[in-house]
S.K.: 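The structure that follows is given in the form of structure tokens.
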Amino acid sequence: MSEVFVEVVDLVGQVTDLPAEDISADARFDTLGNWTSYDALRLLTGIEQKFAVRLDLQEYFSIKDVGGLVAAVSTAQEKSG
């Protein structure tokens with residue numbers, strides 16, 4: 001399990017009030033509790049602050065699951081670092 005995965009899952013848990021151990025890589029955002037666009041923006045802000053990256057907004061909103069978000073964050077880190 002990568003450090004990026006652990007940190008992303010922690011942030012998803014904070015935004016959704018779900019225990020991190022209940023969130024898997026294939027967890028779809030649209031099935032996580034009362035997922036709203038506000039939650040998506042809170043998560044985006046948290047990701048960008050935590051990892052010091054910028055994610056393309058259109059690309060971000062097309063991501064369907066936690067694993068896809070982890071991949072996007074990892075790619076953004078590689079580009080910025």
S.K.: Can you tell me how far CG of Leu69 sits from NZ of Lys64, rounded to the nearest 0.5 angstrom?
M.R.: 13.0 Å

S.K.: Apply side-chain contact (heavy atoms from CB on, under 4.5 Å) to the pair Thr16 and Leu43, showing each step before the final yes or no.
M.R.: CA-CA 9 Å; Thr16 62; Leu43 180 58; over 6 Å; no

S.K.: Between CG of Asp17 and CG of Leu32, what distance do you get to the nearest 0.5 Å?
M.R.: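 Answer rounded to 0.5 Å: 11.5 Å.
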
S.K.: Does atom CD (Glu21) have a neighbourhood of more than 12 heavy atoms from anything else shown, all under 6.0 Å?
M.R.: yes

S.K.: Specify the closest pair of heavy atoms between Glu48 and Arg54, including all atoms of both residues, with the distance to one decimal.
M.R.: OE1-NH1, 2.7 Å

S.K.: Out of Val9, Val15, Val8, which one pairs with Val12 under the side-chain contact (heavy atoms from CB on, under 4.5 Å) rule?
M.R.: Val8

S.K.: Go through the steps for Asp39 and Arg42 under the test side-chain contact (heavy atoms from CB on, under 4.5 Å), then give the verdict.
M.R.: CA-CA 5 Å; Asp39 295 323; Arg42 286 180 51 214; 3.6 Å; yes

S.K.: Looking only at heavy atoms, which two atoms of Val53 and Ser80 are closest? And how far apart?
M.R.: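 Result for this residue pair: CG1-OG, 4.1 Å.
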
S.K.: Can you tell me which residue pairs pass the ring pair (Phe, Tyr, Trp, His ring centres under 6.0 Å) test with a partner in residues 1-52, sequence neighbours excluded?
M.R.: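 The answer is Phe29-Trp35.
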
S.K.: Please name the pair of heavy atoms, one in Ala76 and one in Leu55, separated by the smallest distance, quoted to 0.1 Å.
M.R.: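 Closest heavy-atom pair between Ala76 and Leu55: CB-CD2, 3.8 Å.
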
S.K.: Minimum heavy-atom separation for Ala27 and Ile23, please, with both atom names.
M.R.: CB-CG2, 4.3 Å

S.K.: What pair of heavy atoms forms the shortest contact from Ala72 to Ile63, and how long is it?
M.R.: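 That would be CB-CD1, 3.6 Å.
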
S.K.: Can you name the nearest heavy-atom pair linking Asp65 to Gly68, along with the distance?
M.R.: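 Taking every non-hydrogen atom into account, OD1-N, 2.7 Å.
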
